[in-house]
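Chain identifiers are assigned alphabetically (A, B, ...) following the order of the sequence lines, protein sequences preceding nucleic acid strands; residue numbering begins at 1 within each chain.
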Amino acid sequence: MIAEVIVDVAAYPIDRPFDYAVPIDWEHVMEPGLRVKVPFGPRKVAGYVTGIKEESELDHNKIKPIAEIIDLEPVLSAELLALSKWMATETIAYEIDALQVMLPAAMRAKYEKIMTVIKPEELDDAFRSFLGNRQQVTLKALQDANLLNEVKKYNKLGIVEIDTAIQQKTKMKKVRMIHVPDAKQLETALEEAHPNAKKQQELLRWLLLHPTESIEASKILDESGVTATVLKSLVDKEIVEQSQVEVYRELESPKMQDSGKPEQLTDEQQVALSAIEQSSNKNIQETFLLHGITGSGKTEVYLQAIDHVLKQGKEAIVLVPEIALTPQMTARFKGRFGELVAVLHSGLSAGEKYDEWRRIHRGEVKVAIGARSAVFAPFSNLGLLILDEEHETTYKQEESPRYHARDVAIWRANYYQCPVILGSATPSLESYARASKGVYSLLTLSKRAKNQALPSVEVVDMREELKAGNRSMFSLALAEGIRERLVRKEQIVLLLNKRGFSSFVLCRDCGTVVECPNCDISLTYHRASESLKCHYCGHEERVPSECPECTSEHIRFFGTGTQKAQEELYKLVPEARVIRMDIDTTNTKGAHERLLYDFGEGKADILLGTQMIAKGLDFPRITLVGVLAADTSLHLADFRAAEKTFQLLTQVSGRAGRDQLPGEVVIQTYDPEHYAIELSKTQNYVPFYEMEMDRRRQLGYPPYYYVTVVQFSHEDVLKAADYAHKGTEFIAERLSQGSVIIGPTAAAISRLNNRYRYQSLIKYKHEPALIPVLQQLLKHYKTSWAKDGLVMSINREPTSIF
DNA sequence: AGCACGCCGACT
DNA sequence: GTCGGCGTGCTC
């Protein structure tokens, strides 16, 4: 028997199955989807069995046997193996990367070189004294002790051996259990106990008082007050037995709870739910676009649709943007489905994620909620997949494999012939266009569930404010609104639209902006450390006291960060309690949730933050939302700038007035006539969609064309440009008539980490040659260009074209 | 990717 | 003479 194995080596010539012989004893357990350890050249690596066959086309003497089987059960089903293959092809990634991304990080192999002593008598004294009585030492430890050269010498002479140990990163958590086989034996033991063994007697009495068949050892020690030695002596005397039992790590239960009862649906919600249920009953793949304004109760539709498929004995996956994965959201699902829900969020440790994965794999839960990667939840009978806030760009992974969770969800739904729900108040143009063409089925929720009015939106022209002598960050209208809310003890959300715009240091005499020495990017000012940082490469330097160009002292930071906004806010309303949420205040584990929780509990009046606050907040006392600079995201060199701005403004406006109290929104801008801002006033998606589609058609951008970006980077600017031209020409010569190639041009960030970057944009409506051509290009690159220091990357349907 | 093999410069 | 630098080539 031959197993086809994809080995854990991400390199071009290795990206295919390798044949290995299956030892006869393992033939009956060998299955695709198992992880194995195999010899590969001079070393040993981990790999995945992707296929089984009787014969190999290769010479018998070339085939090596599998060294070890890692799993008892396959970790990847036939479905997921097929998915990985599809994903690798579509996104032009290594198959090994596509396989690895589907499993929790804890299951990725860890390699460690270990030295074993064979002939201890031939070691020199210094080496021997370092080893002590150890037979095996990691090479890492030997390197730290500066003994690497000796090890190499001994290895050549056969005095020591070096091999690679392959381990899983995180293990299953185990606890020690104590079993009482027979209570009578305890009594006998107590009678026969040595009179000096006071503690043992005490423990026996405790055990008799707490009759049980098995109990955690730690619990006995805690509650009986005896020490571990005492327990051990009972184990040694075989009065009790002990064993290691695998357990799941305990997860913190959410603080907020949901009633757990289905809510009464509005007519619109009912129509949507019925359509989904019917589709589900028919066992066909259908993708629904659930377009519901903020507060229209999309989540309730999800919950009841999930309930429907659970009753059919099927499973469901719910994807949400990481930032929306708040306790508030997850508590609602846990309240409804209780123990059947696994929540996969970034706050979990690697071990906890692994546990949740196993609970899904074993079929102990039926619903998985999580960010992007939860789309790979190892269910085997899926009945529904949901992407909430489907327009979010976080659904696209921006490193290899560059998959989009929406595409993966639809692929899986096709496999199981079940529905997909894409939900959003502001769908991506791609999805809405597909819904308009009938590829997706459109479901609309146009009214708020609790019949609240939409918030009133006021757009303030900041140029007028400036003319009127108001030089602060807050317009008169917003300042007034803030003061009113403080008096009425209502809450305020202030959004600082920082995308593509942060505080930088500028010389007021010569106009020089301090830039990163490695990247063509201005450095960002950080107040806490009084330093300038590059957000791309991590370079950090002190704030200069004079201009590096003209030595003027008139150099100071410019732009608007959240810290500066907080200071200005303090000047405006010193009595207000403010919670600031940005990268600086949310970088510790759980900080994001804690800040939101505090705000929900009313511990602050104002929540000030970046885009991360635009989603998922559902607090009844928020009645005012202020957007401090709405147009900063409009000036990005990106065809999606208007779409992103409209989405952000609509999402954040939806935070106001979600309960009984009416909401108000103030949008500050220097560009009030822009259609993305103008139309967000009425929060009316369809007119915006039509306007933006018009523009996309004129400019030939998605969704009218598909886009693929090929990027070339090199330390030498001339070589970067040269290869970019060669590569672009290569593609252009091979594409069909209808496709357009733009470039090469310097990337928006033309130098990053000391590498010069060029890119070309391929636009196409239908291009069957695309994948083959890109694969050919990749072959050229890997076989010759890469050796010359070129780095090339291919990104299909990028979320932005930087 | 990583590891071995192999062929040329500066050291005990 | 040998240690060790990194070019080249292969991995079932």
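Residues meeting the side-chain contact (heavy atoms from CB on, under 4.5 Å) test with A/Thr799, sequence neighbours left out: A/Thr393, A/Lys396, A/Glu398. In this structure A/Ala11 satisfies the side-chain contact (heavy atoms from CB on, under 4.5 Å) test together with A/Val9, A/Pro13, A/Ile14, sequence neighbours excluded. Under the salt bridge (Lys or Arg N to Asp or Glu O under 4.0 Å) criterion, A/Glu767 pairs with no residue, sequence neighbours left out. Scored by the side chain to side chain donor-acceptor pair (under 3.5 Å) test, A/Thr728 finds A/Ser760 as partners (sequence neighbours excluded). Listed by chain and residue number, nothing satisfies the side-chain contact (heavy atoms from CB on, under 4.5 Å) test with A/Gln135 (two or more places apart in sequence, or in another chain). Every residue two or more places apart in sequence or in another chain that forms a side chain to side chain donor-acceptor pair (under 3.5 Å) with A/Glu430 is listed here: A/Arg640. The side chain to side chain donor-acceptor pair (under 3.5 Å) test applied to A/Glu161 returns no partner, not counting sequence neighbours. With sequence neighbours left out, A/Lys85 forms a salt bridge (Lys or Arg N to Asp or Glu O under 4.0 Å) with A/Glu95.
Rounded to an integer number of Å, the gap from A/Arg16 CZ to C/dT11 P is 9 Å. To the nearest angstrom, C1' of C/dT11 lies 14 Å from CG of A/Asp15.
A donor-acceptor distance shorter than 3.5 angstrom exists from the side chain of A/His714 to the backbone of A/Asp788, with no hydrogens or angles considered.
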Check: protein-nucleotides 1-11 of chain B nitrogen or oxygen pairs below 3.5 Å:
residue: B/dA1; atom: N3; partner: A/Arg43; partner atom: NH2; Å: 3.3
residue: B/dG2; atom: O4'; partner: A/Arg43; partner atom: NH1; Å: 3.3
residue: B/dC3; atom: OP2; partner: A/Lys113; partner atom: NZ; Å: 3.2

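Here side chain to side chain donor-acceptor pair (under 3.5 Å) pairs that include residues 32-49 of chain A, with residues two or more places apart or in two chains, are A/Arg35-A/Asp71, A/Arg35-A/Gln168, A/Lys37-A/Glu68, A/Tyr48-A/Gln100.
Within residues 58-66 of chain A, the residues approaching DNA chain C are A/Leu58, A/Lys62, A/Ile63, A/Lys64, by heavy-atom distance under 4.0 Å. Using a 4.0 Å cutoff on non-hydrogen atoms, the parts of residues 18-25 of chain A near DNA chain C are A/Phe18, A/Asp19, A/Tyr20, ordered by number.
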